[in-house]
Structure formats: structure tokens, C-alpha cells
Amino acid sequence: MSKVRVRYAPSPTGPQHVGGIRTALYNYLFAKKLGGDVVLRIEDTDEKRFVEGAEQYIIESIKWCGFDFDEGVHKGGPFGPYKQSERKDIYLKYSQQLIDDGKAYYAFDTSDELHVKRVAFEKEKKNFKYDFSTRDSMRNSLVLSDDEVQNLLNKDVPYTVRFKIEPDNIIVVDDMVRGEVRFNSSELDDKIIFKSDGMPTYHLANIVDDHLMEISHVIRGEEWLPSAPLHVAIYEAFGWNSPKFAHLPLLLKPTGKGKLSKRDGDAGGFPVFPLEWKDQQTGDISKGYREEGYYPEAFLNIMAFLGWNPGTEQEMFSLSELIQTFDIQKVNKSGAKFDPDKAKWYNQQYLVRKSDDEIVHDLRADLAKRGIETSINLSSVVRQMKERIVFVKDIYSSAQYFFESPTVFDPKTVKKKWKDNSAEIVTDIAAVFDKIVDFRADNLEASFKKYLEEKELGFGIAMIALRLSITGKGGGPSLFEIAEIIGKNETLKRLKENPEKILDLKA
């Protein structure tokens with residue numbers, strides 16, 4: 001068996017969808033398990049849809065995920081150039097070869113002429129298709145004389161090159177995911193393979209590139225399956241062996257109905273792009289998994305399980321474990337439903353496995369972005385919050401009281417649990433806490449319980465009053481641990497000032 005070589009070939013038309021990242025990952029896992037190479041090729045033949053910055057976004061996204069390519073536009077290699085716009089002359093040569101061999105032809109039909117033909121077909125309630133049944137009635141080199149064709153070419157009359165599909169042939173696509181898929185060539189039209197702007201279409205460029213770059217396996221999205229018979233036919237026209245194919249299932253909306261889109265992410269409040277993307281024309285910013293606080297390891301696992309399952313109970317894999325375990329035969333044919341809650345679960349699992357020091361580092365960065373300066377022990381904060389959060393940023397958003405005295409007090413808790421004697425209780429406890437020299441959680445708890453015994457008070461009412469005054473919330477981590485972390489002076493300050501604010505709210 002020759003060396004396994006796969007390619008990931010995105011178009012730089014905007015931010016990279018998670019479906020594209022999954023395709024890149026599956027290519028990587030497949031190749032690395034078999035000791036092969038992974039190529040990054042930029043397919044920028046559609047110049048009208050080119051978006052500045054998209055190519056770098058693709059490269060940065062993959063690197064953030066934790067893997068990279070062996071060859072590509074960003075690092076070179078023996079089969080370059082790896083950008084299709086830099087390979088223009090190569091495609092012209094192969095387009096001409098197909099024409100010379102009678103496998104393709106020049107088409108001089110204008111847009112207006114094609115429109116007239118479509119309208120005529122619509123009047124007869126038919127769909128126009130440029131194929132074996134219509135091409136003899138069109139303006140192309142199959143109909144025109146050689147002199148007429150040469151005259152049009154000499155005058156630089158715009159043309160396209162169409163691949164000639166012969167009818168009534170069975171084209172077999174051997175797919176590693178779907179098995180043998182058969183197509184009747186009569187269902188195919190004569191696709192344009194070379195455009196009037198001098199650039200090839202995807203159908204010609206990707207086949208020529210895959211052949212010249214010695215690509216052995218093409219692993220791509222299901223949306224390319226209808227094009228597979230055309231591609232096999234073009235390989236046969238050149239007399240080349242086609243690579244093995246694998247068409248991956250679609251990524252579906254959380255409801256399972258329809259393809260996952262940016263609109264679904266916006267509506268559901270979750271990203272569909274790996275990194276944040278700013279649209280240079282509109283200024284709109286789309287969420288990214290990195291900026292939302294997801295760990296690359298969690299994101300990798302999310303992607304891996306969108307259409308593949310190892311067949312075991314294991315749900316969390318390192319990249320090396322994914323390489324060892326991945327099997328293209330275990331990729332599902334049916335669409336993979338995206339589950340935002342499962343994505344959060346993965347991140348939480350990786351977060352709790354991080355060391356406190358790692359989380360402290362990320363927390364410090366998050367606080368700096370918010371302009372928060374603090375001298376409290378962040379390791380202690382992390383220990384209290386680690387099991388309660390999905391993202392590091394959740395520490396501040398859900399436990400702001402560690403860093404600032406509350407200005408908002410949970411209205412439902414105040415309404416139900418703040419009693420007429422709550423302010424008095426808080427004042428008493430503040431006096432008790434003020435006498436504690438060693439301001440540790442266990443000492444605070446012991447003094448609190450002793451006070452309750454002496455006053456013959458129930459635990460609940462006193463604790464809620466104390467918690468509201470210190471945190472503004474009705475629940476959370478150990479209140480005595482919170483008090484120890486924020487320190488004696490800050491605790492006493494809140495116990496003195498905040499009951500008045502709560503009374504104002506109560507009123």
C-alpha cells in the first residue's frame with residue numbers, strides 16, 4: 001500500500017464552521033493512525049467570494065485545536081504551491097488535455113442565452129439541464145465548426161469549458177462510510193470545469209491537485225456526495241486512479257432538523273465557529289469557542305463525537321488516544337445532532353481536571369480584562385468554585401462577591417427569608433466575628449453556632465441573613481470559607497453596611 005495522504009481543502013470565504021473543523025480533524029486522525037500525511041490546501045478559485053483574513057483564520061483555528069498539517073500553504077512542502085490561485089497554469093494545461101481528448105468542450109453560451117433556454121423549459125414545466133439532451137442545441141464546440149470555434153477564441157469571446165458526460169453509464173463510488181453508491185450518468189449535467197475568468201472550478205482543480213499531490217483518500221462533507229460521480233468520471237477521463245472517498249454526515253441543528261447554521265448558534269446562544277470572527281463589512285462579531293472559554297481539549301472531543309463513536313463507554317480522549325481509537329468505518333451515515341449542553345459538559349469535565357494553578361492563571365487573566373484588582377487568595381476561590389462552573393469566566397459572573405461587595409441582593413430571597421429581626425442578627429454576628437483573632441472558616445463556624453445556641457435561634461434564618469449581607473445571594477459555597485477568603489475587614493464592612501441596603505429593598 002502506498003503512503004496514506006489526505007488533504008483538508010477549505011475555501012477562504014469567511015469563518016470556519018465547526019463542520020469544517022470536524023472534517024479537518026477526521027482527516028488528521030485517519031492519516032496519523034496509518035502513519036500518513038495531512039495537507040492543507042486553500043481552494044480559492046472563486047475569487048468573488050474571497051474574504052480577507054479567512055485563510056489565516058483557518059490556520060489559527062486548527063492550531064488552537066492542538067494539531068497541525070504536515071504540508072500546506074502555511075509551511076510549504078514538496079507538492080506546492082498549496083494555494084489554487086497560484087496553480088492557474090497547471091489547470092489550463094489539464095483543461096486543454098480533456099478538450100483535445102474529446103472529454104470536454106468549449107461553451108460560448110452567454111448568460112442571456114442560457115436564461116432564455118431556462119425560461120423556455122419552465123414554460124413547458126421542465127427543468128433545463130445542460131447535458132447530452134440539450135448540448136446539441138447550444139452554442140459550443142460540439143456544434144460549431146473548428147473554424148468557427150477558432151475564430152471565437154481568436155476574438156477572445158468569453159467561454160467556459162464543460163465536461164462531457166456520456167449518458168446511461170453506471171458510475172460507482174466506493175465510499176468508506178456509505179459503502180458502494182451507484183449513480184446513472186444520465187442524471188448528471190455537463191458541469192463547467194473552467195471559467196471565463198481563467199480559473200478552474202472546484203470540480204477540475206480539486207481532482208488535478210489531488211492527483212498531483214498524491215492524495216490517497218478524500219474525506220469530506222456529505223454535501224459533496226452528489227459531485228462524487230462527476231469526480232470519478234473526470235478521473236477516468238484522465239486515465240487516473242481515483243482516491244478512496246469518505247463522505248461525512250451533516251452536522252444538524254440541536255433539534256435534529258436541518259443543517260447547523262450560524263443563525264442556530266445566535267438563537268441558541270452558542271458558537272458555531274472555533275474562534276471569534278468579525279465581519280469587516282458589517283462589523284458584526286460572531287462568537288468563537290476559544291473566546292467563550294472552551295478548552296481546546298474539550299472542543300476536540302466535541303468535534304470527534306459529531307458523527308463518530310468508538311463503541312465503548314469512554315467519552316473523553318486525548319489527541320493521541322483519538323488517533324489510536326479512530327476508525328472511519330465507525331463514522332455514522334446519518335446526520336449528527338449538535339448538542340450545546342453536551343459541549344458545556346465536556347468543558348466542565350476538562351475544567352475540573354485542571355490543576356488549581358492552571359485555573360488561577362486563567363482567572364487572573366479574566367479579572368484583568370474586567371479591570372478587577374484583588375489581593376485575595378485566588379487558589380482558595382478556585383477550590384470553592386471549581387465544581388460549580390463550566391467556564392473560568394463563570395467564577396466572576398456567578399460569584400462576584402469574592403471581589404466586590406454586592407450591590408444587588410436576590411429579591412426573591414429577600415422577600416421570603418429576610419425577617420424583621422434579620423438586621424439585628426447580622427449586627428450581633430458582626431460583633432461576634434469582630435472578636436475572632438484567627439479569622440478562619442472553622443473558627444467562624446464555631447462562633448456562629450455558639451451564638452445560635454445562646455440566642456436559641458434556628459440555623460436557617462440566621463444563615464440566610466448572614467449570606468445575603470455578605471454575598472447578596474441565597475446560596476453558594478460555604479459562607480464561612482467565603483468570609484475567610486475576603487478577610488475580616490471586608491466581612492465586617494459588609495455586615496455593617498449591607499443590612500441597611502437590604503432593608504431599603506425590603507421596603
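Quick note: numbers below take in every heavy atom, side chains included, and nothing from hydrogens, waters or symmetry partners.
- Not a single donor-acceptor pair under 3.5 Å links the side chain of K257 to the backbone N or O of P254.
- No donor-acceptor pair under 3.5 Å is formed between the side chain of R467 and the backbone N or O of K473.
- More than 12 non-hydrogen atoms from other residues, nucleotides or ligands lie less than 6.0 angstrom from NZ of K386.
- Crowding of K32 atom NZ: a count of heavy atoms from other residues, nucleotides or ligands under 6.0 Å exceeding 12.
- Put simply, the side chain of E321 gets close to the backbone of S318: a donor and an acceptor are under 3.5 Å apart.
- A centroid separation of 6.0 Å or more is found between the aromatic rings of F245 and W224.
- Put simply, the side chain of K337 does not reach to within 4.5 Å of the side chain of L306, judged on heavy atoms.
- For the atom pair I485 CD1 and F480 CZ, the distance stands at 13.5 Å (nearest 0.5 Å).
- One distance of note links CG of D438 with CG of N443; it measures 5.0 Å at 0.5 Å rounding.
- Of the possible polar contacts, none joining the N27 side chain to the A24 backbone as a donor-acceptor pair under 3.5 Å is found.
- A side-chain hydrogen bond (donor to acceptor under 3.5 Å, both in side chains) with Y82 holds for exactly one of E71, H74, R7, E43; it is E71.
- Judged by distance alone, with hydrogens and angles left aside, the side-chain atoms of D209 form no donor-acceptor pair with the main-chain N or O of Q84 at under 3.5 Å.
- For the side chain to side chain contact (heavy atoms under 4.5 Å, CB included) criterion with W418, the lone passing option out of D410, I461, L503 is L503.
- Note: F305 and F317 have tilted aromatic rings, judged against thresholds of 30 and 60 degrees for the angle between ring planes.
- Of the options Y289, F67, Y350, a ring-ring contact (aromatic ring centres under 6.0 Å, His included) to F299 is made by Y289 and by none of the others.
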Show your reasoning for whether salt bridge (charged side-chain N to carboxylate O under 4.0 Å, His left out) applies to D44 and R49. CA-CA 8 Å; D44 57 347; R49 297 180 63 214; over 6 Å; no
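- Within a 6.0 Å sphere centred on CD of Q314, heavy atoms belonging to other residues, nucleotides or ligands number more than 12.
- Proximity of a side-chain donor or acceptor of N332 to a complementary backbone N or O of S334 within less than 3.5 Å is not detected.
- No donor-acceptor pair under 3.5 Å is formed between the side chain of E276 and the backbone N or O of G288.
- Within the 4.5 Å cutoff, side-chain heavy atoms of I42 are placed close to those of P10.
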Does the salt bridge (charged side-chain N to carboxylate O under 4.0 Å, His left out) test come out yes or no for R178 and E222, once each step is laid out? CA-CA 10 Å; R178 298 160 196 281; E222 179 184 328; 3.3 Å; yes
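- Taking the six-membered ring for Trp, W277 and Y57 have ring centres closer than 6.0 Å.
- Aromatic rings from F433 and F448 are positioned such that their centres are separated by 6.0 Å or more.
- Proximity of D264 to V272: side-chain heavy atoms (C-beta onward) are nowhere separated by under 4.5 Å.
- A 6.0 Å sphere centred on CD of E86 holds more than 12 heavy atoms belonging to other residues, nucleotides or ligands.
- With a 6.0 Å cutoff to the six-membered ring centre and a 45° limit on the axis angle, K342 counts as a cation-pi contact of Y346.
- Under the 4.0 Å criterion applied to side-chain N and carboxylate O atoms, D70 and R5 are not assigned as salt-bridge partners.
- With hydrogens and angles ignored, the 3.5 Å screen pairs a side-chain donor or acceptor of R353 with a backbone N or O of Q349.
- Side chains of D284 and T282: a donor-acceptor N/O pair is present below 3.5 angstrom, by distance only.
- For the pair D394 (side chain) and V390 (backbone), a donor-acceptor distance under 3.5 Å is present.
- Heavy atoms of other residues, nucleotides or ligands lying less than 6.0 angstrom from NZ of K354 number more than 12.
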List the steps, then state whether salt bridge (charged side-chain N to carboxylate O under 4.0 Å, His left out) holds for K449 with E445. CA-CA 6 Å; K449 289 179 177 178; E445 185 174 6; 3.2 Å; yes
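- Taking the side chain as every heavy atom from C-beta outward, S405 and E497 never approach each other to under 4.5 Å.
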One pair to check against ring pair (Phe, Tyr, Trp, His ring centres under 6.0 Å): F338 and F270. What are the steps and the verdict? CA-CA 11 Å; F338 188 84; F270 61 88; 5.4 Å; yes
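- For the pair V218 and P243, the tightest heavy-atom approach, listed with the atom from each and the gap, is CG2-CG, 3.5 Å.
- Atom NZ of K496 has 12 or fewer neighbouring heavy atoms from other residues, nucleotides or ligands inside a 6.0 Å radius.
- N421 places no side-chain N or O within donor-acceptor distance of the main-chain N or O of E424, the cut-off being under 3.5 Å.
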Salt bridge (charged side-chain N to carboxylate O under 4.0 Å, His left out) evaluation trace for D366 with K393: CA-CA 6 Å; D366 180 65; K393 65 181 181 180; over 6 Å; no
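- Taking the ring axis of F273 as reference, the NZ or CZ atom of K287 does not stay both within 45° of it and closer than 6.0 Å to the ring centre.
- Side-chain contact between L248 and R220 is absent, with no heavy atoms from C-beta onward closer than 4.5 Å.
- Figure legend: cation-pi geometry between R370 and F403 absent, as NZ or CZ is not positioned both under 6.0 Å from the six-membered ring centre and within 45° of its axis.
- A cation-pi contact, defined as under 6.0 Å to the ring centre and within 45° of the axis, links R22 to Y26.
- Electrostatic pairing of K244 and D175 does not count as a salt bridge here, judged by no charged N lying under 4.0 Å from a carboxylate O.
- No more than 12 heavy-atom neighbours from other residues, nucleotides or ligands sit within 6.0 angstrom of NZ on K417.
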side-chain hydrogen bond (donor to acceptor under 3.5 Å, both in side chains), that's the test. Do S379 and D356 meet it? Break it down for me. CA-CA 6 Å; S379 293; D356 290 351; over 6 Å; no
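- Applying the 6.0 Å contact sphere to NZ of K253 captures more than 12 heavy atoms from other residues, nucleotides or ligands.
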